[in-house]
Chemist: 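Would you mind keeping the following structure in view while I ask a few things?
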Amino acid sequence: MTDEKPESRPAANFIEDIINADLAAGKNGGRVHTRFPPEPNGYLHIGHAKSICLNFGTAAKYGGKCNLRFDDTNPTAEDVEYVDSIAEDVRWLGFQWHGEALYASDYFQKIYECAEHLVREGKAYVCDLTAEQTSEYRGNFYKSGKDSPFRSRTVEENLDLFRRMRAGEFADGSRVLRAKIDMQHPNLNMRDPPLYRIKKAHHHRTGDAWCIYPMYDYAHPISDALEGITHSICTLEFEDHRPLYDWCIQNLPLPYQPRQIEFARLNLTYTLMSKRRLLQLVNEKLVSSWNDPRMPTLSGLRRRGYTPEAIRAFAERVGVAKNDSTVDVGLLEFAIREDLEKRAPRALAVLRPLKVAIDNYPEGQVDWFEAPNHPDDPSLGTRKIPFSKVVYIEQDDFMENPPKKWFRLSPGAEIRLRYACLIRCTDIVKNDKGEVVELHCTWDPASRGGDAPDGRRVKGTSHWVSAAHAVKATVRLYDRLFTVENPGGGDKDFRSTLNPASLETLTDARIEPSLAEAAPGARFQFERLGYFCADAVDSKPGTPAFNRTVQLKDGWSKLVKAGKP
RNA sequence: UCGGGGAUCGUCUAAUGGCAGGACGCCAGACUCUGGAUCUGGCUAUCAAGGUUCGAAUCCUUGUCCCCGAACCA
């Protein structure tokens with residue numbers, strides 16, 4: 001990078017302020033070491049992406065390191081399926097963790113030894129209260145707690161009992177190890193919190209080696225300290241767990257003293273961001289899977305056609321602060337448009353075909369027009385598109401009785417077929433129901449390529465495909481999954497606000513021939529429509545299926561909406 | 001009625017006692033073989049009331065509103 005001293009760099013957010021101050025105070029020997037600590041109990045979503053970008057990005061900015069650590073202290077909720085998907089998603093986003101992927105379960109032995117240390121110091125005890133009794137003894141916001149009758153057990157008795165817990169002598173839920181702090185503490189987290197519970201459950205990594213598992217509040221600070229984490233960044237709801245985090249760091253013989261910093265998690269309009277509810281969508285088949293392109297999961301966004309670059313740029317723009325906030329989903333859409341606008345090759349595709357016969361075009365003739373793959377970037381090259389006597393245009397591009405500012409085709413009007421020629425509508429054909437099913441047009445042979453030699457201007461340009469050469473394709477049009485800004489907000493069941501039109505599958509779309517062999521995952525701009533990608537699962541060369549990633553900005557529909565077309 | 005946080009354009013976010021700035025959005029215009037892109041110009045904000053100060057978004061006081069917290073979840 002530069003020879004600039006780290007602490008002289010202007011801070012991008014309050015976390016960097018803190019790091020700069022720590023660096024200036026000579027803490028941690030000048031090191032910056034963060035970690036991303038997902039629990040492997042679900043798929044990563046766009047909210048996690050913010051945290052990933054923050055943790056990995058901050059470390060990188062300071063020339064530090066960032067660990068990937070699976071927080072797997074609750075075997076009943078966790079699964080290897082999730083650890084695999086999480087690792088894949090982090091890599092896809094473009095980040096490389098320091099060393100091997102780590103697991104809190106790697107530290108179970110050390111965490112256990114720390115617990116014995118607390119017991120020996122008289123700072124932890126085995127408690128036989130039931131969960132209900134524990135809760136009762138804890139008191140509540142307004143009522144202080146009272147000491148457990150087991151609080152005064154001797155060190156010897158506690159050590160014996162704890163070892164027998166570990167040895168599997170007691171039933172699930174019959175005892176816990178608790179920190180001995182203060183049952184009168186105004187912060188409920190400090191009222192003798194449980195450190196270990198008995199769970200005779202199979203763990204995805206440690207198997208049956210353990211039947212007691214540490215709680216998050218206890219295992220997390222130890223894991224951080226063991227790894228030499230300097231700044232342990234988490235979300236706001238852990239703010240009042242920080243005293244307990246610090247208590248653990250202070251009362252245990254640990255090699256490092258990490259510091260917890262909390263920031264506001266990402267909320268997005270029209271988007272659900274809770275793992276529990278996302279799981280529900282999957283389990284209840286309200287979406288096809290975790291990677292359904294309508295899901296806010298990273299695997300869903302990837303399949304939808306989002307790029308890692310766009311997601312990182314989005315995270316950057318959203319910023320980092322402590323205000324509860326809900327970002328407009330439009331900002332995410334802006335990020336992917338911005339990225340794809342410069343990189344996606346253009347192509348012509350007609351979603352809802354309307355047949356157009358060019359009456360004065362010679363039967364059997366084919367013109368191959370050359371079209372740039374990107375109008376502003378010649379380095380993407382060109383391709384040839386076939387033109388013949390019958391073409392399809394978009395149904396939306398014709399109106400029999402158009403409003404005033406209509407630039408597209410209508411009876412008697414002339415438009416340009418993109419990169420091909422000018423055509424004028426001479427006649428329309430309707431079916432029994434009075435719907436327009438076919439247009440008759442004439443072309444101006446002098447306009448070959450798209451410009452008239454007489455210099456006449458044509459306002460409208462339509463995309464099109466040659467009927468004889470176009471390939472049929474499946475195109476899935478995705479829209480937001482919910483109809484309300486805050487699904488599941490208030491007392492509404494989020495399932496009642498699902499958008500019934502979140503997926504529309506078109507099976508009669510026609511694409512230009514060059515698109516037929518698109519590689520799965522390849523992204524294109526279908527001109528005048530939006531960005532699309534060949535589906536990574538269902539699209540095969542020869543039988544393509546495209547997902548709409550996002551629509552192009554649409555000035556016309558905006559006019560219509562404003563009521564002034 | 002307890003503890004912990006937070007209130008700046010419509011939405012995010014900066015300004016760390018010294019010009020309230022940026023991005024998205026929106027509006028108007030230019031340009032255009034995508035009603036796309038691009039380019040101009042514009043719009044809109046310091047929760048309230050007092051105080052300190054030459055000067056307050058920032059410091060103090062009082063109040064209001066919002067979020068989180070009572071799993072042997074993370």
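Chain identifiers are assigned alphabetically (A, B, ...) following the order of the sequence lines, protein sequences preceding nucleic acid strands; residue numbering begins at 1 within each chain. Predicted model, so just to flag it, every value in this text is computed and none were measured. In what follows, every heavy atom counts, from backbone to side chain, and hydrogens, waters and symmetry copies are set aside.
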Chemist: Here's a test for you: under salt bridge (Lys or Arg N to Asp or Glu O under 4.0 Å), which of A:K384, A:R346, A:R383 qualifies with A:E512?
Modeler: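 The single option meeting the salt bridge (Lys or Arg N to Asp or Glu O under 4.0 Å) with A:E512 is A:R383.
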Chemist: Would you name the heavy atoms of A:G305 and A:C533 that are closest together and state the gap between them?
Modeler: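 Here A:G305 and A:C533 meet closest at CA-SG, 3.6 Å.
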Chemist: A:M190 CE to B:rG3 C1': how many Å, rounded?
Modeler: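 About 12 Å, once rounded to whole Å.
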Chemist: Are any side-chain N or O atoms of A:E78 and backbone N or O atoms of A:P40, one a donor and one an acceptor, separated by less than 3.5 Å?
Modeler: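 Flag not set: sc A:E78 to bb A:P40 has no pair under 3.5 Å.
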Chemist: Determine yes or no for a side-chain-to-main-chain donor-acceptor pair under 3.5 angstrom, with A:D339 supplying the side chain and A:A335 the backbone.
Modeler: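 No, because the side chain of A:D339 does not come within donor-acceptor range (under 3.5 Å) of the backbone of A:A335.
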Chemist: Compile the donor-acceptor pairs under 3.5 Å between side chains in residues 181-190 of chain A and protein atoms, sequence neighbours left out, one pair per line.
Modeler:
from   : atom 1 : to     : atom 2 : distance (Å)
A:D182 : OD1    : A:Q184 : N      : 2.8
A:N187 : OD1    : A:N189 : N      : 2.9
A:N187 : ND2    : A:D240 : O      : 2.9

Chemist: Touch check for A:E262, heavy atoms < 4.0 angstrom, all strands: base, sugar-phosphate only, or nothing?
Modeler: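 The residue A:E262 makes no contact with any strand.
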Chemist: Expressed as a whole number of angstroms, how long is the span from A:D396:CG to B:rG35:P?
Modeler: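 Computing the A:D396:CG to B:rG35:P distance gives 13 Å.
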Chemist: Begin with the C-alpha distance, continue with both residues' side-chain angles, and end with the deciding distance and a verdict on side-chain hydrogen bond (donor to acceptor under 3.5 Å, both in side chains) for A:D147 and A:Y137.
Modeler: CA-CA 7 Å; A:D147 288 359; A:Y137 274 71; over 6 Å; no
Chemist: Rounded to the nearest Å, what distance is computed from the NZ atom of residue A:K143 to the C1' atom of nucleotide B:rG3?
Modeler: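 Rounded to whole Å, this separation is 17 Å.
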Chemist: Could you check B:rA71 for me: syn (within 90° of 0) or anti?
Modeler: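 B:rA71: syn glycosidic orientation.
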Chemist: If the C1' atom of B:rC67 is compared with that of B:rC26, how far apart are they to the nearest Å?
Modeler: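 About 29 Å, rounded to a whole number of Å.
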Chemist: When the C1' atoms of B:rA20 and B:rA14 are considered, how many whole Å apart are they?
Modeler: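 Going atom to atom, C1' in each nucleotide, I get 10 Å.
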Chemist: Determine, for A:K342 against A:D376, whether the closest basic-nitrogen to carboxylate-oxygen distance falls under 4.0 angstrom.
Modeler: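 Between A:D376 and A:K342 there is no salt bridge, as every charged N stays at least 4.0 Å from the carboxylate O atoms.
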Chemist: Does this structure show an ion pair linking A:D128 with A:R175, if we count only N-O contacts that are shorter than 4.0 Å?
Modeler: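 Judged by the 4.0 Å cut-off on N to carboxylate O distance, A:D128 and A:R175 do form a salt bridge.
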Chemist: Pairs counted only when both distances fall under 3.5 Å, Watson-Crick or G-U: show me the 5' to 3' dot-bracket for RNA chain B, [ ] for pseudoknotted crossings and | for other-strand partners.
Modeler: .((((((..((((....[..))))((((((.......))))))...(((((..]....))))))))))).....
Chemist: Write down the distance separating the C1' atoms in B:rG25 and B:rU13, rounded off to the nearest Å.
Modeler: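 So the two C1' atoms sit 14 Å from each other.
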Chemist: Starting at atom CZ of A:F526, determine the distance to atom C1' of B:rG36, rounded to an integer number of angstrom.
Modeler: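 Between C1' of B:rG36 and CZ of A:F526: 16 Å.
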Chemist: Summarise protein proximity over nucleotides 6-16 of chain B in one line of letters, 5' to 3': B for base, S for sugar-phosphate only, - for none, counting protein heavy atoms closer than 4.0 Å.
Modeler: SS---SSSS-B
Chemist: Give the C-alpha distance, both sets of side-chain angles, the deciding distance and a yes or no for side-chain hydrogen bond (donor to acceptor under 3.5 Å, both in side chains) between A:S232 and A:R35.
Modeler: CA-CA 7 Å; A:S232 180; A:R35 102 268 93 113; 3.0 Å; yes
Chemist: Does a side-chain N-to-carboxylate-O contact under 4.0 Å join A:D444 and A:R456?
Modeler: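 A:R456 and A:D444: salt-bridged.
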Chemist: Please compare A:R242 and A:R416 by the position of their nearest nucleotide in RNA chain B and report the one closer to 5'.
Modeler: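 Looking at the nearest nucleotide for each, A:R242 comes out on the 5' side.
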Chemist: Between A:Y531 and A:Q525, does a side-chain hydrogen bond (donor to acceptor under 3.5 Å, both in side chains) hold up when you go through it step by step?
Modeler: CA-CA 4 Å; A:Y531 296 98; A:Q525 183 197 99; 3.2 Å; yes
Chemist: In whole Å, what separates the P atom of B:rA30 from that of B:rA15?
Modeler: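 Between the two P atoms, the distance is 39 Å.
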Chemist: List in numerical order all residues of residues 454-464 of chain A for which some heavy atom is under 4.0 Å away from an atom belonging to RNA chain B.
Modeler: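 The answer is A:R457, A:T461.
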Chemist: Would you find more than 12 non-hydrogen atoms of other residues, nucleotides or ligands less than 6.0 Å from A:E341 atom CD?
Modeler: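 Yes, because the 6.0 Å sphere around CD of A:E341 holds more than 12 heavy atoms from other groups.
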Chemist: Using atom types as modelled and distance alone, determine if a side-chain donor or acceptor of A:S85 lies under 3.5 Å from a backbone N or O of A:Y82.
Modeler: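 Between the backbone of A:Y82 and the side chain of A:S85 there is a qualifying donor-acceptor contact (under 3.5 Å).
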Chemist: Rounded to the nearest Å, what distance is computed from the CD1 atom of residue A:I336 to the C1' atom of nucleotide B:rG36?
Modeler: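 After rounding, the gap between these two atoms is 16 Å.
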Chemist: Can you tell me, in whole Å, how much space there is between the P of B:rA48 and that of B:rA57?
Modeler: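 Taking atom P in both B:rA48 and B:rA57, they lie 11 Å apart.
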Chemist: Mind calculating the distance between CG (A:D554) and C1' (B:rA37) to the nearest angstrom?
Modeler: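 Result: 14 Å.
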Chemist: Using a strict threshold of under 4.0 Å (side-chain N to carboxylate O), is an ion pair present between A:R242 and A:E262?
Modeler: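 The answer is yes: the pair qualifies as a salt bridge.
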Chemist: Say we look at B:rC31 and B:rA37: how far apart would their C1' atoms be, to the nearest angstrom?
Modeler: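 Looking at atom C1' only, B:rC31 and B:rA37 are 11 Å apart.
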Chemist: Any chance you could list the contact pattern along nucleotides 38-46 of chain B? Use B for base contacts, S for sugar-phosphate-only contacts and - for none, protein heavy atoms under 4.0 Å, 5' to 3'.
Modeler: ---------
Chemist: Should A:D192 and A:K180 count as an ion pair when the cut-off is N to O under 4.0 Å?
Modeler: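 Between A:K180 and A:D192 there is no salt bridge, as every charged N stays at least 4.0 Å from the carboxylate O atoms.
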Chemist: Closest heavy-atom contact between A:I198 and A:S174?
Modeler: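 Smallest heavy-atom distance, with atoms named: CD1-OG, 3.9 Å.
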Chemist: Once you round it to whole Å, what is the distance between C1' of B:rC31 and CG of A:D376?
Modeler: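 After rounding, the gap between these two atoms is 12 Å.
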Chemist: Please state the P separation for the pair B:rA49 and B:rC54 - nearest whole angstrom.
Modeler: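 Looking at atom P only, B:rA49 and B:rC54 are 23 Å apart.
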Chemist: Rounded to whole Å, how long is the line connecting atom CZ of A:R528 with atom P of B:rG36?
Modeler: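 Roughly 10 Å, once rounded to whole Å.
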Chemist: Need one value for A:L417: base, sugar-phosphate or nothing, where a base atom within 4.0 Å counts as base even if backbone is also close, heavy atoms only.
Modeler: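 No contact.
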Chemist: Return yes if the base of B:rG36 and the side-chain atoms of A:R337 contain a donor-acceptor N/O pair under 3.5 Å, otherwise no.
Modeler: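 Under the 3.5 Å cut-off, the side chain and the base do not form any donor-acceptor pair.
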Chemist: With P as the reference atom in both, quote the distance from B:rA23 to B:rA7 in angstrom, rounded to an integer.
Modeler: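 Comparing P positions in B:rA23 and B:rA7 gives a spacing of 23 Å.
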Chemist: Taking A:D106 first and then A:R205, would you say they form a salt bridge - that is, a charged N and a carboxylate O separated by under 4.0 Å?
Modeler: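 Yes, charged N to carboxylate O under 4.0 Å.
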Chemist: What does nucleotides 69-74 of chain B look like as a protein-contact string, B for base, S for sugar-phosphate only, - for none, at under 4.0 angstrom between heavy atoms?
Modeler: BBSBSB
Chemist: Within the 4.5 Å heavy-atom criterion, are A:V329 and A:R480 side-chain neighbours or not?
Modeler: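 In contact.
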